[in-house]
Amino acid sequence: SVWAPNNFHPKLILKEEPFEHRGSFLSKTDYYENIEKIDIYLAHKTTNIQITKIDSKYTFVGNTNNNFELKKCLAFFQEKKCNLTKEALDFLNQ
């Protein structure tokens with residue numbers, strides 16, 4: 001099981017190395033190789049990306065509120081050789 005201590009303003013900044021994220025109140029940097037999987041959650045007005053890291057009980061969840069932006073994020077993670085779940089891959093390829 002994982003824990004997602006997000007605040008009202010989660011942040012995800014994708015760049016070559018490392019990427020930055022803020023799930024609670026402090027920004028953190030991490031490397032793409034430390035990502036276990038990338039998943040998504042879709043609901044009415046919700047397009048969440050979920051990043052689960054290797055050997056961590058915490059996960060990052062952020063809402064893009066935009067299908068196009070979510071696809072751009074997923075494509076970037078795929079380029080970085082991150083493991084996308086079947087649901088994330090299906091969404092990316094539709």
In Å, rounded to the nearest 0.5 Å, how long is the span from [atom1] of [X] to [atom2] of [Y]?
| X | Y | atom1 | atom2 | answer |
| --- | --- | --- | --- | --- |
| K45 | N66 | NZ | CG | 13.5 Å |
| Y32 | I38 | OH | CD1 | 9.5 Å |
| N83 | D39 | CG | CG | 10.0 Å |
| N65 | T46 | CG | OG1 | 7.0 Å |

side-chain contact (heavy atoms from CB on, under 4.5 Å) between Q78 and L89: does it pass, once the steps are laid out? CA-CA 9 Å; Q78 187 178 47; L89 281 171; 3.5 Å; yes
For [X] against [Y], the heavy-atom pair lying closest together:
| X | Y | value |
| --- | --- | --- |
| I54 | E33 | CD1-O, 3.6 Å |
| L42 | L70 | CD2-CD2, 3.8 Å |
| Q50 | T59 | CG-OG1, 3.4 Å |
| I49 | C73 | CD1-CB, 4.0 Å |

So does K53 get a backbone contact from the side chain of K37, meaning a donor-acceptor N/O pair under 3.5 Å? no
Testing T47, N48, L84, L74 for side chain to side chain contact (heavy atoms under 4.5 Å, CB included) with I40, which one passes? L74
Got a salt bridge between K80 and E16, using NZ or NE/NH1/NH2 to carboxylate O under 4.0 Å? yes
Go through the steps to decide whether F91 and E87 satisfy the test side-chain contact (heavy atoms from CB on, under 4.5 Å), and finish with yes or no. CA-CA 6 Å; F91 179 80; E87 185 176 17; 5.8 Å; no
